[in-house]
Number of protein chains: 2
Amino acid sequence: MTELARPAYLRLADALRAEILSGERAPGSRMPSIAALQREYGVSEQPVRQALRVLTSEGLVEGRPGSGTYVLERPTPRRMGRGRYGAVGSPYAAEVRQQGAEPSWSFDSERTHATVGLANRLGVAVSDPLMQTRYLFRADDIPVQLSTSWEPMSVVGGTPVVLPENGPLGGVGVVERMAAIGILVTRVVEDVSARPALQTEARALGLPVGCTMLTIERTHWADGLAVETADIVMSADRYRLAYEIDVSPPRK
Amino acid sequence: MTELARPAYLRLADALRAEILSGERAPGSRMPSIAALQREYGVSEQPVRQALRVLTSEGLVEGRPGSGTYVLERPTPRRMGRGRYGAVGSPYAAEVRQQGAEPSWSFDSERTHATVGLANRLGVAVSDPLMQTRYLFRADDIPVQLSTSWEPMSVVGGTPVVLPENGPLGGVGVVERMAAIGILVTRVVEDVSARPALQTEARALGLPVGCTMLTIERTHWADGLAVETADIVMSADRYRLAYEIDVSPPRK
DNA sequence: TCGAATTTGTGCGTATGTATC
DNA sequence: GGATACATACGCACAAATTCG
């Protein structure tokens with residue numbers, strides 16, 4: 001009875017995936033019900049369920065209890081320009097405005113102490129004092145990005161910019177703020193990775209739990225001195241990060 | 001009867017995940033068998049299987065038929081340096097060697113025609129002829145990265161470098177190859193995003209289906225002319241992308 | 001070498017809960 | 001309220017791989 005190599009649920013998943021990717025099944029449209037797929041493909045319920053589970057884990061469809069299984073929209077993600085720092089003002093605001101949306105954000109600063117990981121990233125000792133600021137960024141009032149930033153008190157303590165979002169230099173970028181206290185940021189390093197969304201993140205951004213998130217560990221450097229580091233997280237479905245890299249000509 | 005909040009299989013998955021992440025269950029060690037987990041947690045077979053499936057899709061464990069389910073080693077993700085182009089030779093090989101591993105790859109070139117998406121990326125007309133090359137990259141003979149590259153025949157057709165991996169210039173980077181036919185690559189743009197792994201990718205790279213993959217759409221530019229574009233995909237669990245960005249000083 | 005026990009992967013049929021319409 | 005649909009759960013059967021006496 002059992003067919004050749006590939007199990008039934010994989011063959012069904014392949015068939016349905018092809019239909020979705022080819023556009024034959026449009027985003028937003030309802031898939032046939034499980035019962036209908038059983039009849040249509042001549043397999044029993046469990047293989048159908050498992051095939052749909054595969055497509056769900058691939059982010060192609062979503063089951064809504066009581067309603068049906070739907071092909072997901074894959075919104076063309078917005079390009080979030082990175083790889084260009086040094087503009088005046090908030091890099092986030094500039095990026096969002098360029099996309100024709102209105103940026104806004106809320107924040108919350110407090111003093112903390114360096115964990116092992118943060119100490120490594122900032123080149124300070126464990127439990128050294130830091131200023132931590134949590135951000136929730138919005139575009140057109142919709143939450144789109146979370147970020148937590150840390151700056152060593154040894155750098156910003158006692159200066160007018162110790163609270164990133166206060167005073168005349170609130171709401172501008174790290175580069176400009178540091179320049180105001182005589183620190184010249186020369187380099188930004190961004191470590192990009194991705195992982196499923198945590199529950200708190202999903203709630204804060206109005207996303208389904210477990211959807212794919214892009215994560216950025218960003219550090220601002222003034223020559224050899226790390227002056228700021230941040231964890232940034234946003235939905236991979238909604239954003240792509242655009243890095244523009246100049247090429248140094250090959251030496252002959 | 002049934003617990004209110006979370007289904008049994010999720011609670012079991014949470015419990016086992018916590019044990020794994022805390023180190024209580026060491027990498028390489030065997031998990032209790034399905035039958036043992038049933039007894040231990042007082043649930044029936046299906047929830048146990050589903051919990052293990054969840055952990056498998058998270059890349060934490062691996063089932064070996066006839067033997068058991070084993071906790072996987074979780075390699076600390078390697079930093080894959082990006083944001084620096086122009087070095088001589090293959091950028092991939094240089095990066096892997098720097099991490100102390102031995103790079104290798106296989107490939108397969110064929111002529112195709114531009115789809116709508118590729119035509120946009122390369123600035124050519126739909127169905128214009130392209131040279132397509134699929135790559136499977138390995139580090140120490142372990143598959144780690146997939147990539148498909150396209151170059152317009154209007155750029156490389158009739159030149160010695162039309163087949164990227166043939167001739168004296170096989171195995172070097174795009175920048176160097178293009179230089180050999182008088183084209184000066186000035187800029188590389190990388191669009192980074194992430195999504196769950198497709199089945200074919202998971203099979204090719206020996207990863208669980210649905211695990212998180214980093215995707216890069218990379219385009220090489222010679223001033224206004226796109227000379228190459230590629231889709232690159234790798235496991236987000238194993239890699240992080242390091243972009244180094246020079247800051248242009250703010251103007252006063 | 002052989003065979004029995006164990007273990008996972010796969011597949012089937014069914015029952016119950018709950019959300020949607 | 002009733003019909004439909006998906007999510008979870010139970011119990012069972014078989015195949016293939018592994019382990020071990």
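In this text the structure is predicted, and so the values were computed from the model without any measurement. Chain letters run A, B, ... following the sequence lines, proteins first and then strands; every chain starts at 1.
Under the side-chain hydrogen bond (donor to acceptor under 3.5 Å, both in side chains) test applied with B:Arg121, the options B:Asp191, B:Thr219, B:Thr115, B:Asp231 reduce to a single match, B:Asp231.
Between B:Tyr9 and D:dA9 there is no side-chain N or O to OP1 or OP2 distance below 4.0 Å. A:Ser44 has a side-chain polar atom (N or O) that falls below the 4.0 Å cut-off from OP1 or OP2 of C:dC12. A close approach under 4.0 Å does occur between a side-chain nitrogen or oxygen of B:Thr69 and OP1 or OP2 of C:dT8.
Between the CZ atom of B:Arg39 and the P atom of C:dT7 there is a distance of 8 Å, rounded to whole Å. Put simply, CD on B:Glu62 is 17 Å from P on C:dT7, counting in whole angstrom units. Remark: P of D:dA5 and CZ of A:Arg49 are 12 Å apart, rounded to the nearest angstrom. Protein atom CD of B:Gln38 is 12 Å distant from nucleotide atom C1' of D:dC12, rounded to whole Å. Note: CD (B:Gln50) to C1' (C:dG9) measures 15 Å, nearest angstrom. Whole-Å rounding puts the A:Arg64 CZ to D:dA5 C1' distance at 13 Å.
Within the 4.0 angstrom heavy-atom criterion, no nucleotide atom of any strand lies near B:Ala35. Backbone-only engagement by B:Ile34 is indicated by non-hydrogen atom pairs under 4.0 Å involving sugar-phosphate atoms exclusively.
Of the two residues contacting DNA chain D, namely B:Gly42 and A:Pro32, the nearest-nucleotide position lying further toward the 5' end is that of A:Pro32.
Taking the charged nitrogens against the carboxylate oxygens, A:Arg79 and B:Glu217 have no contact shorter than 4.0 Å, which rules out a salt bridge.
A cation-pi contact links B:Arg64 to B:Tyr70, judged by a cut-off of 6.0 Å to the six-membered ring centre and 45° from its axis.
The side chain of B:Pro47 lies closest to D:dA9, out of C:dT7, C:dG9, D:dA9.
You'll find a donor-acceptor pair under 3.5 Å spanning the side chain of A:Gln46 and the base of C:dT14, going by distance alone.
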